[in-house]
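Read the structure below first, then the notes.
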Amino acid sequence: MKWVYIEDVKDYVGQEVEIRGWVYNKRSSGRVRFLLVRDGTGIIQGTIFSTDKDFPLFRVFDELTQESSLIVRGKIKEERRAPGGFELEISEIEVIQIARDYPITPKEHSVPFLMEHRHLWLRSQKQHAILQVRTEVVRAIREFFDGRGFRLMDTPILTPSACEGTTTLFETQYFDQKAYLSQSGQLYNEATAAAFGKVYCFGPVFRAEKSKTRRHLIEFWMVEPEVAFATLEDIIELGQDLILHIIERVLEKRKQDLEILERDTAPLERISKPFPRLTYDQAVKLLTEHGSKMVYGDDFGAPEETLLSQIYDRPVCITHFPAAIKAFYMQPDPERPDLVLGVDFMASEGYGEIIGGGQRIHDLELLERRIQEFNLPKEAYEWYVDLRRYGTFPHSGFGLGLERTVAWICKLPHIRETIPFPRLLYRIYP
RNA sequence: UCCUCGGUAGCUCAAUCGGCAGAGCGGGUGGCUGUUAACCACUAGGUUGCAGGUUCGAGUCCUGCCCGAGGAGCCA
């Protein structure tokens, strides 16, 4: 008998098939038994009918518990009353294991309990839907960059030096020297961009910040493109196109999952180019008018990010930040040297920053001066400065946080459900 | 690191002024011919986070600690 996946049963109506999976739930009503089976691709309702109280299949059914593993065989039919529209008339149940006392029931549970059982929580419908959206976003990102001639150039996770201070870096041993877990692939991207023109890296990054908020993870995934000879304007255009492409793909391919999440897709469908643009100066003025207490020179706090993204019905780009609050490598604005050519994209619906990037310094003397001003160890940056010695080139790039993007698209209250095993402040189990 | 809130059955929660620790779900048993987190009846299930204190009496009040959640700060 043919083994089929639940997502494909529509192609097997009228045929005898085999489904391998786990018991999601079961119900019974007199001489009818309903068995909900999941196999990772979906859930299907199986039925058993008999007027005989001691029907052998009933006895097997009665032994089954939530999450017991099994193989069920039977005929697929269309059935309006069944969830999903298709049903399996069960003729045989082969039990692999009866699961005893599965901790997650179909009722409500608290966040701490579910986080403690994350390895099992992944099987729940909502978590399944979120992670389906995540894989679609990843696919869309790779498709976007690969389709535009970008070269995937993965950057190292173990790095030799602290980019800017060690407080936000995880330190580890690298034989007889210290190493740090990468918090961004950007500096290496700049090197590969000189070799390949258009590059991107996509992988996990690590921040040892003691952040305990709904938008921070200790380990998260970031996709970072870097483009040789691109300006701030070019990179803003690229960021817009990337976000639009991701949204378009998810709306096209994962409508069902968004429905399970009860995500109203109308706000996503409305998003189009161009995104509103504000300079830092304009943003501060606007935020003050809307009641923010922020003063010029501050970076945006969580309330400001939220407020900004609520004012507009699509992502907003903020540019031209004061140099003092940004990284050492940011290219100054030629007209206002106290500002830098950086850009942050704030997602809509209160989700805050999802992209940060800008144009990098390509002038050798200026970069050397900045490294000094920021008190960075000169030797550690020799290779990076080399990029300005041997055919320096204006270039720009950005980083997009995968989990924040997924949280926004799914409209989740917390980022922790957007990655299979979130690493959070003081939580590394399971 | 700081502020706020919380920890009671396997899970989610209740317990009036400090006075007999209780319900739903899940488990078990039985019933029901189309269920949709099915439903109905019965049933088992407790070191009230830990340590101390006040009191005739503490789940409840006080002190300390542990754990968690929300927020702030931090945050290329």
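Each chain gets a letter, A, B and so on, in the order the sequences are listed, and its residues count up from 1.
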For this session: Quick one: label A:Lys326 by what it contacts on the DNA or RNA (base, sugar-phosphate, nothing), any heavy atom closer than 4.0 Å.
Result: nothing
Seminar exercise, completed: In A:Phe398, A:Phe144, A:Phe145, the residue satisfying ring-ring contact (aromatic ring centres under 6.0 Å, His included) with A:Tyr200 is A:Phe145
Exercise. Does any nucleotide pair with B:G70 by Watson-Crick or G-U wobble geometry, both distances under 3.5 Å, and what is it?
Worked result: B:C3
Exercise. Are OP1 or OP2 of B:G70 and a side-chain N or O of A:Arg416 less than 4.0 angstrom apart?
Worked result: yes
Problem set entry | Nearest listed nucleotide, side chain of A:Thr105, among B:C74, B:U1, B:C25 | B:C25
Exercise. Do A:His109 and B:C11 share a donor-acceptor pair, side chain to base, under 3.5 Å?
Worked result: no
For this session: Just call it for A:Ser28: base, sugar-phosphate, or nothing, with non-hydrogen atoms closer than 4.0 Å on any strand.
Result: base
Problem set entry | Watson-Crick or G-U counterpart of B:A21, or none if no pair lies under 3.5 Å | none
Seminar exercise, completed: A:Tyr296 and A:Leu339 have their tightest heavy-atom pair at OH-CD2, 3.7 Å
Seminar exercise, completed: Re B:G26: Watson-Crick or G-U wobble partner, both distances kept under 3.5 Å, found to be none
For this session: Report which part of the nucleic acid A:His414 touches: base, sugar-phosphate, or nothing (heavy-atom distance under 4.0 Å, all strands).
Result: sugar-phosphate
Problem set entry | Side chain A:Ser211 and base B:C74 donor-acceptor under 3.5 Å | yes
For this session: I would like to know whether A:Arg360 and A:Glu226 meet salt bridge (Lys or Arg N to Asp or Glu O under 4.0 Å); could you show each step before the answer?
Result: CA-CA 10 Å; A:Arg360 329 299 191 185; A:Glu226 192 72 31; 2.8 Å; yes
Exercise. Taking CZ from A:Phe113 and P from B:C13, how many angstroms apart are they, rounded to a whole number?
Worked result: 12 Å
Exercise. Where do A:Leu122 and A:Pro420 come nearest, in terms of heavy atoms and distance?
Worked result: CD2-O, 3.7 Å
For this session: Under a 3.5 Å limit for both distances, which nucleotide forms a Watson-Crick or G-U wobble pair with B:C39, could you say?
Result: B:G31
For this session: Consider the side chain of A:Arg81, meaning its heavy atoms from C-beta on, and name the nucleotide among B:A69, B:A76, B:G34 that approaches it most closely.
Result: B:G34
Problem set entry | For B:G59, the Watson-Crick or wobble counterpart (both distances under 3.5 Å) | none
Problem set entry | N/O (side chain, A:Lys212) to phosphate O (OP1/OP2, B:A69) under 4.0 Å | yes
Exercise. Among B:A72, B:G34, B:C75, which is the nearest nucleotide to the side chain of A:Thr213?
Worked result: B:A72
Exercise. Is it true that a side-chain atom of A:Glu224 and a backbone atom of A:Gly185 form a donor plus acceptor pair closer than 3.5 Å?
Worked result: yes
Problem set entry | Along RNA chain B (nearest heavy atom to each residue), the more 5'-positioned of A:Thr47 and A:Glu305 | A:Thr47
Exercise. Taking the side chain of A:Val32 as heavy atoms from C-beta outward, which of B:U12, B:U33, B:G73 is closest to it?
Worked result: B:U33
Exercise. Considering only B:U1, B:G34, B:A76, which nucleotide approaches the side chain of A:Ala327 most closely?
Worked result: B:A76
Problem set entry | Donor/acceptor link under 3.5 angstrom from A:Arg31 side chain onto base of B:U33 | no
For this session: Check every atom of B:U12, B:G68, B:C75 against the side chain of A:Pro112 and return the nucleotide holding the closest atom.
Result: B:G68
Exercise. Reckon A:Glu87 touches a base, only the sugar-phosphate, or nothing at all at heavy-atom distances under 4.0 Å?
Worked result: base
Exercise. If the P atom of B:G6 is compared with that of B:C13, how far apart are they to the nearest Å?
Worked result: 13 Å
